[in-house]
Every structure is written in C-alpha cells, then in structure tokens.
Amino acid sequence: MSTNQTATPASIDIFSQLQQHDHEKLVFCQDEHTGLKAIIAIHNTVLGPGLGGTRIWNYANDADAINDVLRLSRGMTYKAAISGLNLGGAKAVIIGDAKTIKTEALMRKFGRFVENLNGKYITAEDVNTTTRDMEYVNMETSHVVGLPESMGGGGDPSPVTAYGTYMGMKATVKHVYGNESLTGKKVAVQGIGKVGGHLLEHLHKEGAKLYISDINEEMLARFAKMYGATVVNGDDIYSTDAEIFAPCALGAILNTENINKLKCKVIAGAANNQLADENVHGPMLVEKGIAYAPDFLINAGGLINVYQEHIGYNRDTAFRNTEHIYNVTLDIMKAAEKSGTHTQKAAIEMAEKRIHDILKVRSTY
Ligand code: NAD
C-alpha cells in the first residue's frame, strides 16, 4: 500500500442503483494510453442484444455519468420493446470534452471494449459522436450500427425518424378528431433540424399550416420560404394558436410553466425525454385535455432503421416497419383512456408487458 494513499471517498452505492430498475450490467472501461474513460450500461437483454448509442459528454463527476447511462439505457429498452424489435436496451457514455478527447485511437479502443462484450452490446452514434467515429469503432468490432450507406449501413436515420413522428402525429390526431387528416391543421414545430426539417416536408405535402421556431435564423428563413411557414419567436411557440405542437429540439420542455402556456390539443414530436417529470407532467397534460404521443414511441424510426442495419439493411423495410408506429400510437391512446392514466405510463406498461411475455417464451426454450 502506498504511503500517500488517500482515505476512501464516500461510497456510491452502485448495486442499489442497478437494482432500482433491474439493470443487468455496468461496464467501466479505462485506458491510460488513449485517455478513454467510458461506461457501458446494459439494462435488459430479454428481447435481444442491448443496442444504444455512445454519447460523449463532459460530466461534472462520475456519479452524473453513471446516472445518465443508467437512465438512457433503460429508455432504450422501452423504445425497442414498444417498437416490436428483437433488441434490448443499452447505452454508452465516454467521459470528457468531445472537442479535445476524440481521436481515432480513443474510438478504436472503445471499439475493443465493445468487442469484448461479444455482441451483448451493439453501439451506434449519439450526441457528440458521428458516422465517422463509428467507422473507427467498426475497425475493432462488428457490433456497431449507424454506418454510412457506402459501408452497407443505413446512413442518416433522420428521414425515418421524421416519418415515424409523422405517423404518430396522424394517429394522435385521429384519436382526438376522429380522422387522421392534417390538411388545414395548424402545426407548431419547435426545432427544424435534421428531423424537424423532414417532418415539415410531410406536413407541407399534406396541406398543414406551419409555424416554426429555431435558434438558427438562416434555417428559419429557408424553411419559411420553402413551405410558406410562419416564423415564431423563441418561447412564443408554446402559446401558438395551433392544434398540434411538435417538439423536435430539446428535452424536458414539457414543464409546468410551458404546459400552462399551451393551446394545442395534440403534442407529437421527435425530441427525446420531452416530459420534464413524467409523473407530474404526464397527468397534467391529461388534465388540460391534451393528447400526448409518447416520444420514445414516435421517435423510434431511427432505432428501427439501425435495427434493419443489424439484420441486413433495406431502406424500404425500415420505412414500412416505421409505419407501424401509427397503430401502436392508437393502441396506447385507447389504453390510456380506458385505464384513466397518461399515455407515457400506458406506453411504458405496454413495453414492459412485451418483455414480460417474451421472458416466458425464452425461459421455456
Ligand atoms: P438537430 O440538431 O439536427 O436539430 C435540432 C434543432 O433544434 C436545430 O436546428 C437547433 O438549432 C434547434 N434548437 C436548439 N435549441 C432550440 C431552441 N431553444 N428552440 C428552438 N430550436 C432549437 O437534431 P435532430 O437530429 O433533428 O434531433 C431533434 C430531436 O430529436 C433531438 O431531441 C434528438 O435527440 C431527437 N431524436 C432524433 C433522432 C434522429 O434520427 N436524428 C432520433 C430520435 C430522437
């Protein structure tokens, strides 16, 4: 024992964190040579290998990184389960500032760690990682998706995500208005990036009246001209007099303050984790008479796309399977109404039921 050893720091009770939501595995990856510090969380592999992207983030401390990777991997389990995919949920985080730490060697070393899990974890791109990074990962492991089309991958998932969001929106509109048509409906889209931009194209084609907000002025001007959309300033998007609100930028925007401003009847957008606190804001939307299309269901097109890549890529099949989001959204709307709960809860219950049912099938194999 070295003489300058410091006292043991206050412990983080990792096992009770894993037990809280029944995570299967948490893998810590460290490499001094490349500076890699990564954590891979595998939440549940009943339905298949855990798939989830790798996020690079400069966490304030290790506990924050652990919290994030546990939360995100659990979300992936639900997303895969509700989408009818034979995939489990997992996620990885690499700790550090992407601008300074990201190198070919670091990504390849991370790929070695993924390879060591023998396919129990399949990685993909996420915040601060790109297709190019996944190419480096792919030099060390085949357990990676989200590769460019030139390498047999599925390319940019955003058009598929946007299509699924559009399907989820139409189903929610059908539930609320009795028919799915968006012709003449006013839709307020927050964030017109990769997904929001493609969503606008579908909405415009169907004759919706569009309201858009973004922090990128140049894109606002371009889309306003292209689709005759009305530009809305910043947070005014919440109080826009539109029947439908589509959050396609940031998470946690459905908080008490913003929900109080909403005039819409339907919320259907692609952003991840829209409800600031699902136990508070899910019921609050029900009380306000707003139908909320669960984000993890209607933005699953991207996951459906990479799943296709995992089993042999075909773009048409990816779009066809994404269309199924329409029926599942309708089922969830009805289930939530019947049981008097909010849609996010109904969707989680439906995902959990599928895992539970398949667990019985596989345990008898
Ligand atoms: P993106 O970065 O291309 O687009 C996001 C847009 O939001 C940008 O144009 C940005 O300028 C804008 N924005 C940022 N802050 C804003 C604010 N305060 N108000 C209004 N606009 C703001 O990202 P994306 O790929 O289009 O993803 C959008 C959302 O959908 C994200 O939450 C993402 O996690 C989620 N999502 C994306 C995919 C996918 O396939 N790309 C899949 C599932 C979920």
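Values below: all heavy atoms of this structure, side chains included; hydrogens, waters and symmetry mates excluded. Read the numbers this way: they start at 1 and go in the same order the structure lists the ligands and their atoms. These numbers were taken from a predicted model, which means no experiment stands behind them.
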ask   = Under 3.5 Å, is there a donor-acceptor pair linking the side chains of E206 and Y166?
value = yes
ask   = For residues N272 and N299, is any side-chain donor paired with an opposing acceptor at under 3.5 Å?
value = yes
task = Mark yes or no: R315 above the aromatic ring of Y313, with NZ or CZ under 6.0 Å from the six-membered ring centre and no more than 45 degrees from the axis.
result = no
task = Indicate the ring-plane relationship of Y227 and H204, choosing parallel, tilted or perpendicular according to the 30° and 60° boundaries.
result = tilted
task = Measure across A41 and L26 and return the closest heavy-atom pair with its distance rounded to 0.1 Å.
result = CB-CD1, 3.7 Å
task = Could you tell me whether the side chain of E278 and the main chain of Q344 form a donor-acceptor pair under 3.5 Å?
result = no
note = Under 4.0 Å from ligand 1, residues with heavy atoms, in chain and number order, are P157, S158, T161, Q190, G191, G193, K194, V195, S213, D214, I215, M219, C248, A249, L250, A270, A271, N272, N299
